[in-house]
Protein chains: 2
Amino acid sequence: MIKSTERDLAAERMDKIANILRDRRIARVSEMARILGASEASVRRDLVEMERRGLLRRVHGGAVAVGGIGDEPVFDDKTAMAVREKQRIAEAALAFVKNGDFIYLDGGSTVLALARMLTDRPRITVATNSLRVAQTFAASGPRTILVGGELRRISQTFVGCLSRPLLEKIHFDTAFMGTVGVTTDGMTTTDPAEADTKTLVMGRAARVILLADSRKIGAVSFVSAGALDLVDVIITDSAAPRKQIDAFRKKGVRVLAV
Amino acid sequence: MIKSTERDLAAERMDKIANILRDRRIARVSEMARILGASEASVRRDLVEMERRGLLRRVHGGAVAVGGIGDEPVFDDKTAMAVREKQRIAEAALAFVKNGDFIYLDGGSTVLALARMLTDRPRITVATNSLRVAQTFAASGPRTILVGGELRRISQTFVGCLSRPLLEKIHFDTAFMGTVGVTTDGMTTTDPAEADTKTLVMGRAARVILLADSRKIGAVSFVSAGALDLVDVIITDSAAPRKQIDAFRKKGVRVLAV
DNA sequence: TCAGTTTCAATCAGATATGATCAAAAGCAC
DNA sequence: GTGCTTTTGATCATATCTGATTGAAACTGA
């Protein structure tokens with residue numbers, strides 16, 4: 001047994017680290033050192049190099065996959081909640097997408113779930129203001145148009161007045177929107193710039209579909225993001241209060257509770 | 001040339017090396033020397049040659065199959081070469097960034113290296129058309145503005161006429177640009193839409209700094225992306241041909257070879 | 001807030017790999 | 001065979017990698 005054969009090359013170690021992170025999204029230095037059979041010092045050196053190459057992000061105690069959990073805790077924390085419901089809602093929304101369509105995908109975790117289902121649909125065109133949606137389509141997927149704007153880190157979206165000039169040049173068959181809260185008075189969200197962009201988008205879509213899990217139904221946030229009559233369809237989950245659903249229907253909005 | 005016998009021997013070795021790497025993706029010099037029954041010195045010479053031909057990537061201790069371990073995705077394939085140079089170029093470029101600046105970061109791996117150095121600089125504003133740059137700043141970093149447009153997957157940038165309306169509203173102190181090739185006639189790149197966006201950006205910057213490793217110097221690609229007089233500074237590495245550098249200087253461009 | 005614990009970066013020495021150099025070996029032309 | 005060129009393998013100084021150590025920094029829980 002030759003000693004050099006036992007020890008991994010740096011490139012080999014980095015590959016294994018990449019694999020570990022692909023599986024777990026996050027790993028501790030100590031874990032990786034144990035798995036690789038290398039010292040923690042070497043693992044750290046590899047992590048520094050890999051971070052420099054943009055392959056991961058280092059955090060105290062370990063590393064996380066880029067674009068993964070822990071990368072943007074605020075955004076992804078929400079994602080983790082009600083995963084089942086969001087998935088079902090996204091599946092229902094998928095039925096509203098046809099090949100050849102021009103659609104808009106808003107920010108938000110439910111809409112992101114829908115985006116993940118579109119990576120094998122090159123025949124549609126997606127416009128979005130969501131960094132996460134763009135990342136989802138980075139390698140392959142629909143024709144992707146990102147409306148510009150200023151990055152709002154908490155939601156990982158591009159918002160503000162700079163989004164306007166581009167948005168005003170395009171129209172959509174269907175806009176799939178997320179929201180923080182929706183009542184019969186309309187949608188509300190936390191950030192004025194975000195709200196402004198949302199309203200503008202909905203005005204430019206032939207059909208607006210709101211994806212809102214039951215916790216959003218009846219909830220109210222800081223700033224109005226458009227009246228309810230902008231919305232054609234609301235897709236929510238079966239835990240949504242019957243009363244609210246009926247109220248929406250009375251206002252002429254189609255509601256699907258999946 | 002009738003030296004066919006020697007060449008066959010060398011070619012044979014290289015062929016075996018290629019086979020080993022096809023199987024394992026990564027191999028040590030010592031291993032390969034043992035398998036081939038040749039000295040490590042010979043193996044190294046073969047590896048140098050094969051790397052020159054782009055058949056593999058050399059790492060300390062051995063070699064990696066291209067497209068294999070530690071080799072980065074499509075976008076970064078070219079990047080894997082000249083990592084050191086790109087890093088040094090980016091470091092030199094960093095000196096041109098002041099707090100409070102409004103800068104533009106183009107797509108391209110060298111510019112991306114610069115972006116990674118700016119993640120702890122919240123006091124500047126960065127506009128970019130690069131998805132990779134936006135991702136780099138997703139968690140923290142400068143104020144980030146993404147100019148919209150259509151996603152061009154091969155470069156991971158947003159380009160085309162939809163970028164225009166937003167770009168025409170903003171100005172930059174400094175634009176850091178990448179390129180596929182640059183000569184005294186100006187810059188060239190592979191894609192017309194990409195070129196269009198580049199030209200527009202350079203016209204809106206008070207100062208344009210071109211980051212181009214030596215392989216770009218003197219290279220020519222498909223479509224013009226602006227004349228040389230748009231550029232104020234070129235930062236390249238010391239392997240850039242003296243003649244070209246002098247020609248650039250004669251045209252009034254400041255050239256830094258780091 | 002604070003103390004205790006974990007993790008980190010910097011440094012060092014030993015091990016390993018590398019490039020440069022050079023002489024021997026092999027191929028080739030005559 | 002001789003003379004020339006190319007290739008090869010060995011040697012050695014230098015560069016790089018690795019793992020251990022240590023003081024500093026960051027995190028944790030009360």
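Chain A is the first sequence line, chain B the second, and so forth, proteins listed ahead of strands; every chain is numbered from 1.
Distance alone, capped at 3.5 Å, is enough to place a donor-acceptor pair between the A:Thr179 side chain and the A:Thr188 backbone. Looking only at distances, a side-chain donor or acceptor of A:Thr197 sits under 3.5 Å from a matching main-chain atom of A:Ala193. No side-chain donor-acceptor contact under 3.5 Å links B:Asp237 to the backbone of B:Asp213.
Protein atom CD of B:Glu12 is 17 Å distant from nucleotide atom P of C:dA26, rounded to whole Å. B:Leu47 has its CG atom 16 Å from the P atom of D:dT7, to the nearest Å. For A:Arg44 and D:dA26, the CZ to P distance is 14 Å, given to the nearest whole Å. Summarising the geometry, the separation between CG on A:Asp46 and P on D:dT16 is reported as 17 Å, rounded to the nearest angstrom. Whole-Å rounding puts the A:Arg58 CZ to D:dA26 P distance at 13 Å. The separation between A:Glu31 atom CD and C:dT7 atom P is 10 Å, rounded to whole Å. Between the P atom of C:dC8 and the CD atom of A:Glu40 lies a distance of 8 Å, rounded to the nearest Å.
Taking 4.0 angstrom as the limit, A:Ser39 places none of its side-chain polar atoms (N or O) nearer than this to OP1 or OP2 of D:dT18. Contact check, B:Arg28 against C:dT16: no side-chain N or O comes under 4.0 Å of OP1 or OP2. Not one side-chain nitrogen or oxygen of B:Arg13 sits closer than 4.0 Å to the OP1 or OP2 atom of D:dG9.
A:Arg28 approaches A:Glu31 most closely through the heavy-atom pair N-OE1, 2.9 Å.
Positionally, the nearest nucleotide of DNA chain C for B:Gly62 lies more toward the 5' end than for the other of B:Gly62 and B:Arg45. When each of B:Ala41 and B:His60 is assigned the nucleotide of DNA chain C bearing its nearest heavy atom, the one mapping closer to the 5' terminus is B:His60.
Nucleic acid contact for A:Val43: none, since no nucleic acid atom lies under 4.0 Å from a heavy atom of the residue.
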